[in-house]
Amino acid sequence: MNNPDHYDHKAVEAKWQERWEKQRTAEVDLRHAQGKFYMLNMFPYPSGDRLHVGHGRNYILGDALYRYLRMRGKRVLNPMGWDAFGLPAENAAIQRGVHPSDWTFNNIRVMKEQFRRWGILYDWSKEIASCVPEYYRWNQWLFLRLLEKGLAYKKKAPVNWCPSCQTVLANEQVEEGRCERCGSEVVQKDLEQWFYRITDFADRLLAGLDDLPGWPEKVKIMQRNWIGRSEGAEIDFPLPALEEKVTVFTTRPDTVHGATFLVLAPEHPVTAALVARHPEREALERWVEQVRNTPRIQREGEDTPKEGRDLGVKAINPASGEEVPVWTANYVLPDYGTGAIMGVPAHDERDLAFARQEGLPVRLVYHRTPDETADSLVEANQHEGTIANAPPFDGLTSSEETVKKFIAWLEEKGWGRGKVTYRLRDWLISRQRYWGTPIPVVYCERCGMVPVPDDQLPVALPYDVEFTGREGNPLSRSKAFVETTCPRCGKPARRETDTMDTFVDSSWYYLRYLSPKDDTRMFAPEMANKWAPVDQYIGGVEHAILHLLYARFVCKVLHDFGMVAFEEPFTNLFNQGMITRFSEKTGRVEKMSKRRGNTVSPDELIERFGADTERVYTLFIGPPEREAEWSDEAVAGAYRFLNRLWRTAEKLDEAPPNAPSDRELERQRHATIQRVTHSLERFSFNTAVAALMELSNALARALEEQTASRLVCDETFDTLLQLLHPMAPHVTEELWERRGHLENLLDTEWPSYDEAKIRRVRITLVVQVDGKLRDRIEVLADADEAEVRAAALASDRVREHLTGRELAKAVVVPGRLVNLVTRKTA
RNA sequence: GCGAAAGUGGCGGAAUUGGUAGACGCGCAAGAUUCAGGAUCUUGUGGUCGCAAGGCCGUGGGGGUUCGAGUCCCCCCUUUCGCACCA
């Protein structure tokens with residue numbers, strides 16, 4: 001590249017990357033935490049695909065922030081690691097015959113090199129990978145503690161099974177009835193599975209959100225919805241036929257008198273009992289089976305059509321004393337509330353639809369008008385009116401108070417009790433796959449399930465395993481792994497072959513960075529309490545629920561164990577938006593991905609324009625929290641900008657010793673420092689780059705027109721390099737060095753601005769006619785009296801109202817807001 | 001259906017939070033350079049009327065508050081995202 005129009009970005013970038021690596025620029029001695037700032041990018045999964053510029057946005061953003069904070073004098077820890085367990089590694093093994101471990105470490109090598117080429121500074125001395133025994137043994141250790149406390153347990157339950165991935169999925173991993181990873185339709189299976197009791201923490205997870213002002217509102221709302229707290233009551237409906245009770249959950253116990261039927265989920269145990277004694281038993285069994293295997297959730301839009309069967313017995317509504325029929329229907333979910341509801345068609349849309357469809361009676365509790373009847377009901381009456389025919393509550397109107405009175409009454413009568421229900425389910429952590437953390441328990445014929453003792457950890461994955469793609473977990477076919485002895489009695493025993501969900505790995509990794517090599521404990525609490533919680537966490541919104549909820553849960557557990565002093569792992573959270581681009585395959589602008597064939601390779605981009613160009617363009621593309629469309633053409637703009645900067649450096653010595661408009665360039669220089677500083681505080685990198693382009697243009701113009709002095713041009717240029725460094729680290733370091741500065745640019749102090757130099761005064765002229773306010777005129781000018789006058793005089797609006805003589809007489813005081821009261825002569 | 005965010009030139013987007021709308025960049029146009037293309041540089045670029053000076057219109061639509069509204073209030077429309085039979 002001998003073209004004089006371009007600087008040699010390849011040489012410059014290689015030079016600085018090598019120097020940063022050699023000097024271990026990003027390494028932090030964790031023993032000193034004075035002025036600490038812990039920032040963290042979500043650690044990536046080392047998949048076989050090379051990172052594209054869409055991924056780059058995430059890391060470039062983090063690095064720019066890192067460099068900025070460092071220049072602000074913070075002691076910044078910015079570590080990186082690998083979320084290295086997971087399905088793709090195993091699939092690669094099946095498809096290509098590579099061992100998941102070898103495949104993963106090779107990918108790590110490749111990705112690490114990509115980070116280097118972006119000029120990203122991570123403290124690699126703290127690197128972790130979740131797939132090594134030194135890491136995952138602590139997953140096992142934590143599992144054992146949870147088991148001791150009853151927070152980990154095994155139960156047989158209907159679970160989501162992905163037939164394509166051959167494993168179960170957590171609720172959080174099912175989207176619209178499909179596997180979030182491969183898109184296959186998920187089926188329900190009854191399996192023995194391991195769970196973490198996250199539901200015990202539902203209230204704390206909910207309350208904790210209020211202490212996170214640094215989190216996007218959107219994420220907090222999503223978590224609140226996911227936890228789905230609702231207050232109401234459980235009510236027992238006697239079922240004489242079975243000599244037991246059916247308990248329902250409702251948020252509207254005040255409508256209990258209007259319950260004209262019960263509906264049980266098809267999965268409800270009482271359903272099974274009633275089906276068994278039903279005359280049409282076989283037909284009903286077939287129907288139940290079919291409902292259970294049909295996903296409840298429709299693709300989009302409408303609800304699944306309601307379908308139900310009369311189970312042929314009556315229950316007793318305790319409030320009204322009436323007999324009500326007991327049904328089972330597909331619109332009642334088995335795992336919410338008690339899996340059974342009271343049907344109150346008058347006051348619930350769904351119950352009304354079902355009652356109308358099946359010809360079930362409707363009974364009003366609340367009346368909006370005295371003559372309102374059940375037949376006149378067009379749609380369910382949700383919240384309005386006055387109670388009638390529901391002694392002893394007649395005359396009450398719908399309110400929280402009324403609900404409380406009903407609950408108290410139900411409790412007094414022994415018919416029910418107040419109850420809070422959550423949508424949140426326990427976290428299903430078992431996976432029937434090889435490439436994950438083995439669950440450390442063994443099964444002994446004599447002792448049953450026995451936890452592996454701490455001193456036998458880690459339970460390591462065997463390397464020598466066959467990956468055939470046949471059904472079942474490859475781990476269960478490894479004799480060397482499965483066959484063991486009982487730690488309690490020494491008799492032959494079998495190991496658990498389920499492995500843990502990879503979200504277990506990522507639920508506490510931020511703590512491991514703080515003592516990555518400690519082989520005596522999960523992490524060092526004294527370090528954790530010095531450096532954690534994470535001050536700034538950066539990652540995609542796709543983790544708004546899964547990862548972030550689990551990490552918050554585990555943090556609270558560790559807090560309860562006395563291992564950390566805090567309850568929330570991430571103080572500030574930033575979700576960067578996705579990069580999109582037109583896809584030839586789909587014909588639409590979509591998220592950049594290999595599958596859609598719309599990726600842009602940073603390797604080629606860096607080859608042609610350099611990493612700094614990609615960085616500047618990526619940060620300039622738009623507000624980082626929003627989605628942005630990649631433009632192949634617009635990249636050139638960033639490239640031109642950097643080259644112009646390079647050329648400007650060569651012209652600096654042409655500036656004259658003295659020049660007329662120093663003041664204007666000075667003003668702009670200080671204003672730019674202010675703008676860039678404020679922009680970076682708000683993650684507004686796009687406007688920061690714009691401000692720097694403006695300053696760069698102004699400097700180039702001043703040099704061209706010889707209007708600013710050498711001294712001011714030099715100062716302006718140095719400031720430009722400093723402010724630009726977080727965005728374009730290589731080229732700025734190179735220019736900085738060439739200008740004879742001895743210290744690395746990254747280690748310089750962020751420039752400060754002089755408010756007095758940049759102040760523009762806003763002057764408000766109040767125009768009064770005969771003592772009455774007529775108009776108020778604002779004039780913007782530099783903080784100089786003469787200029788204020790000139791600006792005021794130049795204002796058309798002023799001329800409309802005031803004569804020149806009046807203005808000349810007026811006293812102008814420089815300041816933030818100045819009133820210039822005068823009177824208009826008619 | 002519920003919840004949240006957002007609608008500004010041909011495009012991505014600015015607007016010191018009520019004070020010169022369209023910064024910065026892309027694209028486009030003209031010119032310079034070049035055998036040519038590309039690259040680079042300079043100038044121009046919201047719409048409209050005008051030779052020009054300048055005028056008028058203009059931030060999804062309609063009202064309102066204000067000397068002044070992209071910004072505040074009310075009513076609509078559209079788009080995106082999240083949740084969705086949660087009783």
Side-chain angles (χ1 to χ4, degrees), chain A residues 3-6 175-176 216-226 228-230 232 248-253 255 259 263 265 296-298 300-306 329-333 335-344 347-351 353-354 421-424 541 544-545 577-578 616-617 620-623 625-641 643-644 647 671 674-675 678-679 684 686-697 704 758-760 762-767 773-780 791 795-797 800-801:
Chain A
N3 193 328
D5 292 328
H6 304 143
E175 286 170 3
E176 295 183 343
E217 209 50 46
K218 182 184 173 174
V219 173
K220 289 193 274 186
I221 289 168
M222 283 168 74
Q223 292 217 352
R224 279 191 197 104
N225 291 342
W226 188 262
R229 181 190 152 98
S230 52
V248 302
F249 173 76
T250 176
T251 53
R252 296 295 307 276
T255 62
V263 191
R296 295 289 164 86
I297 309 125
Q298 282 263 333
E300 65 208 66
E302 303 289 297
D303 295 335
T304 311
K306 291 183 176 41
N330 61 348
Y331 80 97
V332 176
L333 306 173
D335 48 10
Y336 184 77
T338 60
I341 61 152
M342 58 180 198
V344 187
H347 305 293
D348 183 280
E349 279 309 329
R350 297 152 303 183
D351 294 342
F354 191 65
T421 301
Y422 301 89
R423 206 186 78 117
L424 184 69
V541 241
I545 293 172
M578 288 182 317
V616 169
Y617 175 65
F620 185 59
I621 193 168
E625 70 279 8
R626 283 224 289 269
E627 192 175 284
E629 189 183 338
W630 186 268
S631 157
D632 296 315
E633 291 161 325
V635 176
Y639 187 52
R640 280 197 278 264
F641 166 56
N643 281 303
R644 252 195 318 262
R647 283 196 304 272
Q674 187 194 42
R675 280 174 68 188
H678 289 173
S679 290
S684 184
N686 53 327
T687 56
V689 173
L692 290 168
M693 286 172 169
E694 281 184 70
L695 185 62
S696 164
N697 291 344
E704 183 69 31
I758 59 173
R759 169 142 356 126
R760 277 177 178 270
R762 178 172 304 147
I763 303 151
T764 306
L765 305 169
V766 179
V767 180
L773 182 103
R774 177 61 166 267
D775 200 354
R776 191 175 299 187
I777 302 159
E778 291 215 353
V779 179
L780 221 61
S795 157
D796 294 341
R797 293 283 308 284
E800 270 176 41
H801 293 284

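Residue numbers begin at 1 in each chain, while the letters A, B, ... track the order of the sequences.
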Sequence-distant partners of D351(A), salt bridge (charged side-chain N to carboxylate O under 4.0 Å, His left out), two or more places apart: none
Under the side-chain hydrogen bond (donor to acceptor under 3.5 Å, both in side chains) test, which residues partner S631(A), sequence neighbours left out? none
Considering Watson-Crick and G-U wobble pairs with both distances under 3.5 Å, what does G3(B) pair with? C81(B)
What N/O pairs connect the protein and nucleotides 24-26 of chain B at under 3.5 Å? Give each pair on its own line.
residue, atom, partner, partner atom, Å
G25(B), OP1, N697(A), ND2, 3.3
C26(B), OP1, R640(A), NE, 2.9
C26(B), OP1, R640(A), NH2, 2.6

State which residues pass side chain to side chain contact (heavy atoms under 4.5 Å, CB included) with A691(A); sequence neighbours excluded, sorted by chain then number. T672(A), R675(A), V676(A)
Can you tell me if R647(A) touches the phosphate of C41(B), counting only side-chain N or O atoms and a distance under 4.0 Å to OP1 or OP2? yes
Side-chain (N643(A)) to main-chain (Y639(A)) donor-acceptor, under 3.5 angstrom: yes
If you check every side-chain atom of K306(A), which of C85(B), A14(B), A87(B) has the closest atom? C85(B)
By nearest atom, which of the nucleotides C85(B), A84(B), A15(B) is closest to the R423(A) side chain? A84(B)
Pairwise N/O distances under 3.5 Å, protein to nucleotides 3-9 of chain B:
none

Taking syn as within 90° of 0 and anti otherwise, name the glycosidic form of U71(B). anti
Which part of the nucleic acid does I621(A) contact within heavy-atom distance under 4.0 Å: base, sugar-phosphate only, or nothing? sugar-phosphate
Apply ring pair (Phe, Tyr, Trp, His ring centres under 6.0 Å) to Y617(A) and list each qualifying residue two or more places apart in sequence or on a separate chain. W630(A)
